[in-house]
There are 2 protein chains.
Amino acid sequence: MDTAERADAGTPAPKGPAGTPATTPRRRRPGRSQNASMADVARLAGVSSQTVSRVSNGYAGVTEETRRQVRAAMEQLGYRPNSAARALKSGEFRTIGVITFTLSTTGNVRTLEAIAQSAAQEGYAVTLLPVALPTQDEVRGAFSRLEELAVDAVIVIMEVHLLDAAVITLPPYVQVVVVDSDAGDHYTVVDTDQAGGTRAAVRHLLALGHETVWHLAGPEDSYAAQRRADAWRATLTEAGRTPPPPVRGDWSAESGYRAGLDLAGRDGCTAVFVANDQMALGLLRALHESGRRVPEDVSVIGFDDIPEAGAFLPPLTTVHQDFAEVGRLCVAAALRQMRQDAPERGTTLVPTRLVERASTAPPPGR
Amino acid sequence: MDTAERADAGTPAPKGPAGTPATTPRRRRPGRSQNASMADVARLAGVSSQTVSRVSNGYAGVTEETRRQVRAAMEQLGYRPNSAARALKSGEFRTIGVITFTLSTTGNVRTLEAIAQSAAQEGYAVTLLPVALPTQDEVRGAFSRLEELAVDAVIVIMEVHLLDAAVITLPPYVQVVVVDSDAGDHYTVVDTDQAGGTRAAVRHLLALGHETVWHLAGPEDSYAAQRRADAWRATLTEAGRTPPPPVRGDWSAESGYRAGLDLAGRDGCTAVFVANDQMALGLLRALHESGRRVPEDVSVIGFDDIPEAGAFLPPLTTVHQDFAEVGRLCVAAALRQMRQDAPERGTTLVPTRLVERASTAPPPGR
DNA sequence: CTGTGCGATGTTTACGTAAACATCGCGAGT
DNA sequence: ACTCGCGATGTTTACGTAAACATCGCACAG
């Protein structure tokens with residue numbers, strides 16, 4: 001490029017910014033971005049920049065010969081299309097924003113990973129919008145940052161009740177997909193089939209002969225936790241059993257441990273459905289320390305099927321979630337909405353699968 | 001154009017989109033992005049668009065009165081600066097790209113989260129670049145996608161040996177920071193003090209009276225694993241002990257389990273330093289199943305201090321990594337390099353801390 | 001032999017922002 | 001009273017791309 005430029009400026013100067021004398025050899029700003037522009041390529045290839053554009057975007061209407069020449073010039077100059085200019089012209093950023101409160105739960109991370117993967121396949125980038133605290137203010141802040149962000153659509157991995165006030169401030173042309181929520185009336189929602197997975201777990205325990213099934217639930221403000229608790233209660237009721245009072249944790253192994261100490265003391269607690277695997281881990285430790293054997297004395301089923309679940313003591317029977325599929329569907333929905341430039345409503349549920357390992361057995365004395 | 005526009009919208013209706021006559025009121029392309037532009041705000045506020053720009057960027061030289069008026073107009077029109085135009089003009093995207101192979105290790109996720117957090121504080125967005133497979137080709141592909149991406153700097157969370165060929169194709173103005181690598185000669189590297197953490201762990205075990213310390217290492221192609229193994233060996237040698245042959249895992253709990261079955265059979269294995277907590281989890285299960293008690297018969301120390309480590313059976317003594325600090329330093333380094341528009345070299349190590357829980361004790365018979 | 005039509009290519013323009021430069025008006029200094 | 005200077009504001013321009021429109025030349029029909 002340097003040669004071409006300088007030659008251009010030095011010779012009789014047929015075209016281009018001939019005005020620029022020997023000085024200023026096309027100075028770039030300090031934090032400059034691009035190297036060669038279409039104009040540079042065009043000059044080197046001896047064509048117009050529009051032709052370069054056509055080649056760059058693979059349009060027809062360019063001779064093979066010309067195309068070849070342009071390609072060579074691009075190669076030589078190391079030309080890369082400037083995405084900012086492209087976005088400015090087209091109004092599309094080819095980017096999806098993901099808002100999430102925390103990356104400390106397996107589910108969120110797995111989903112995010114799948115979203116990034118799917119998006120990349122579709123030629124979209126993923127921008128991460130972390131929200132420090134799960135407060136309305138923080139969420140609103142994230143959305144407001146998002147507003148001036150280069151994003152075509154947003155996927156929200158978060159409880160909706162934190163959303164209400166925030167979403168309305170989003171520019172109307174940004175499409176939203178929500179995970180882990182019951183906002184199906186207002187947005188496209190993609191979620192694991194919490195109820196189905198729960199039902200499978202509870203029925204499995206009942207089928208083993210347990211009189212009833214206890215529940216170590218997630219935090220009250222979690223929609224997923226709520227759903228699992230509801231389905232647990234409903235399944236027991238349907239089966240004519242009396243649901244014992246649920247115990248609450250906060251998803252952490254530590255809280256599972258505390259709950260386990262509690263449950264270990266309860267008479268007649270022979271089976272526990274735990275709302276996630278991490279809490280199940282803590283529960284297992286508490287039961288062990290309390291001298292209750294798993295699965296001989298107490299059966300335990302988790303939820304999530306984190307990679308470590310098979311290495312628990314004993315290996316944990318749990319409900320497998322297909323996070324990859326959730327991510328894929330999110331991206332698909334986001335792109336669909338973008339293309340039709342209109343929101344959709346409704347909920348898509350991704351089925352779960354019960355993974356039987358070694359933490360369940362018939363109740364003692366049967 | 002301005003005249004045409006004004007004529008178009010120039011009906012008696014002076015302001016607001018209230019007018020919208022039968023004619024096309026400023027039609028936007030289908031997938032259109034922006035609502036109001038500076039020009040719109042300027043028109044409404046009765047100033048020039050440059051003044052709007054000044055207000056938007058908080059520059060001085062604008063009367064309080066004018067500023068107020070412009071603000072009001074912005075508010076009314078729901079004006080949001082167009083980041084594409086901004087990027088085109090300034091050459092900065094205010095975005096940092098993060099390339100990572102997998103989000104299945106705690107370390108990567110934690111680091112990513114911290115990066116996102118720090119970046120947000122600095123007003124930068126984070127774009128995620130997933131690499132499907134840890135092959136040179138895949139990495140090169142990711143980088144090549146990155147080239148046309150709107151990114152000012154890149155943070156690579158990955159073993160460098162996968163990088164060599166790829167990085168050279170990056171546009172020269174994009175700054176790179178690397179984690180988990182020994183590429184300090186070529187890039188800015190931020191990493192946990194693997195050696196220091198390992199030394200603390202091994203010394204702790206020796207101080208308890210163990211004759212030597214076995215090592216369950218991570219995969220060979222991992223730089224972190226290599227460093228930990230080297231430091232383990234060096235520390236033992238320094239102390240005049242003979243390092244037993246290391247056992248290899250692949251970071252997964254499952255591989256830790258297999259290694260544990262192996263180690264449980266070894267005579268004289270009373271202490272194991274495991275290269276990460278997940279493998280330690282599997283190891284604990286294997287030892288348990290083999291009838292070796294932890295910590296009475298065998299002491300175990302992990303690495304990472306994942307949130308669940310305290311809920312293991314027994315709670316795991318482990319080396320705590322400050323991922324948040326790593327992330328923060330990455331962002332700081334990236335921004336620093338961007339601002340001075342030049343790469344830096346050198347490695348920054350983030351100290352670790354040994355967290356003592358219940359998986360270590362003096363060797364049996366002492 | 002001349003027009004018609006179409007494929008290949010060039011030219012103009014707009015996208016929204018912000019730097020650089022231009023202008024305008026008013027108060028201070030002489 | 002008059003200019004100088006400066007603060008407030010306006011005008012021009014460029015960033016890189018791509019749509020829309022313009023042009024050019026050649027093959028083919030009449």
Side-chain angles (χ1 to χ4, degrees), chain A residues 1 14-17 19-20 24 26-43 45-70 74 77 79-94 148 150, chain B residues 1-2 4-5 26-43 45-70 74 77 79-94 148 150:
Chain A
M1 103 161 196
K15 48 176 70 174
T20 7
T24 47
R26 202 169 228 275
R27 200 80 204 96
R28 301 283 185 174
R29 315 190 221 3
R32 200 57 206 93
S33 59
Q34 208 67 16
N35 284 320
S37 73
M38 279 196 166
D40 298 324
V41 174
R43 209 170 306 140
V47 299
S48 77
S49 69
Q50 182 56 214
T51 300
V52 177
S53 171
R54 283 189 265 257
V55 172
S56 173
N57 294 322
Y59 283 176
V62 180
T63 316
E64 198 47 53
E65 170 59 15
T66 309
R67 191 179 298 269
R68 213 185 37 66
Q69 257 178 326
V70 171
M74 283 175 166
L77 296 178
Y79 168 78
R80 294 288 151 186
N82 177 314
S83 53
R86 213 168 240 197
L88 176 58
K89 194 73 175 68
S90 70
E92 282 191 11
F93 299 99
R94 298 196 75 77
E148 25 190 303
Chain B
M1 101 164 195
D2 212 50
E5 293 257 4
R26 199 167 231 275
R27 199 80 203 97
R28 300 285 184 174
R29 320 187 219 2
R32 199 55 206 97
S33 58
Q34 208 64 17
N35 284 321
S37 73
M38 279 194 168
D40 298 325
V41 175
R43 209 169 306 140
V47 301
S48 77
S49 69
Q50 183 54 219
T51 299
V52 176
S53 171
R54 283 189 265 258
V55 171
S56 173
N57 293 322
Y59 283 175
V62 179
T63 316
E64 198 47 52
E65 170 60 14
T66 310
R67 191 180 297 270
R68 215 185 38 66
Q69 256 179 326
V70 171
M74 284 175 165
L77 295 177
Y79 167 79
R80 293 290 150 184
N82 178 315
S83 54
R86 211 170 241 196
L88 175 59
K89 191 75 175 70
S90 70
E92 281 191 13
F93 299 99
R94 297 197 75 78
E148 23 192 303

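What you see is a predicted model; the values in this text were computed from it and never measured. Chain identifiers are assigned alphabetically (A, B, ...) following the order of the sequence lines, protein sequences preceding nucleic acid strands; residue numbering begins at 1 within each chain.
When each of C:dG16, D:dG16, C:dT9 is scored by its nearest atom to the side-chain atoms of B:Ala85, the top-ranked nucleotide is C:dG16. Distances were taken from every side-chain heavy atom of A:Met38 (C-beta onward) to each of D:dG10, D:dT17, C:dT17; the shortest belongs to D:dT17. Of all nucleotides listed (D:dG16, C:dG10, D:dA18), D:dG16 comes nearest to the side chain of A:Ser37. For A:Asn82, counting side-chain heavy atoms from C-beta on, the closest listed nucleotide (D:dT17, C:dG10, C:dT17) is D:dT17.
At a threshold of 4.0 angstrom between heavy atoms, the contacts of A:Val62 are confined to the sugar-phosphate backbone, with no base atom among them. If you check every strand for non-hydrogen atoms under 4.0 Å, A:Thr66 touches sugar and phosphate atoms only. Backbone-only engagement by A:Thr51 is indicated by non-hydrogen atom pairs under 4.0 Å involving sugar-phosphate atoms exclusively.
Under 4.0 angstrom from either OP1 or OP2 of D:dA18 there lies no side-chain N or O belonging to A:Tyr59. Contact annotation: A:Ser49 does not reach the phosphate of D:dT17 (side-chain N/O to OP1 or OP2, under 4.0 Å). Applying the 4.0 Å criterion to OP1 and OP2 of D:dA18, one finds that A:Asn57 has a side-chain N or O inside that range. For D:dT17, the OP1/OP2 oxygens have no side-chain nitrogen or oxygen of A:Ser56 closer than 4.0 Å. OP1 or OP2 of D:dT17 lies within a sub-4.0 Å distance of a side-chain N or O belonging to A:Tyr79.
The CG atom of B:Leu88 sits 9 Å away from the P atom of D:dT17 (whole-angstrom rounding). Computed from coordinates, the B:Gln50 CD to C:dG16 P distance equals 16 Å when rounded to whole Å. In this structure, B:Asp40 places its CG atom 10 Å from P of C:dC15, rounding to the nearest Å. Summarising the geometry, the separation between CG on A:Leu77 and P on D:dG16 is reported as 13 Å, rounded to the nearest angstrom. Spacing between atom CZ of A:Arg86 and atom C1' of C:dA14 amounts to 17 Å, rounded to whole angstrom units. For the pair B:Glu92 CD and D:dG16 P, the computed distance is 15 Å after rounding to whole Å. Remark: P of C:dT17 and NZ of B:Lys89 are 12 Å apart, rounded to the nearest angstrom. Per the geometry, CD belonging to B:Glu64 stands 11 Å off P belonging to D:dT9, to the nearest Å.
In this structure, the side chain of A:Thr63 does not engage the main chain of A:Glu65 through any donor-acceptor pair within 3.5 Å. In terms of modelled atom types and a separation under 3.5 Å, the side chain of B:Asn57 and the main chain of B:Tyr59 share no donor-acceptor contact.
Rounded to the nearest 0.5 angstrom, A:Arg67 CZ and A:Thr51 OG1 are separated by 10.5 Å. Once rounded to the nearest 0.5 Å, the distance linking CD of A:Gln69 with CD of A:Glu64 reads 11.5 Å. In this structure, CG on B:Leu88 lies 12.0 Å from NZ on A:Lys89, to the nearest 0.5 angstrom.
Evaluation of atom-type donor-acceptor distances gives a pair under 3.5 Å for the side chain of B:Arg54 against the base of D:dG10.
At a threshold of 4.5 Å between non-hydrogen side-chain atoms, the residues B:Arg86 and B:Phe93 do not count as touching.
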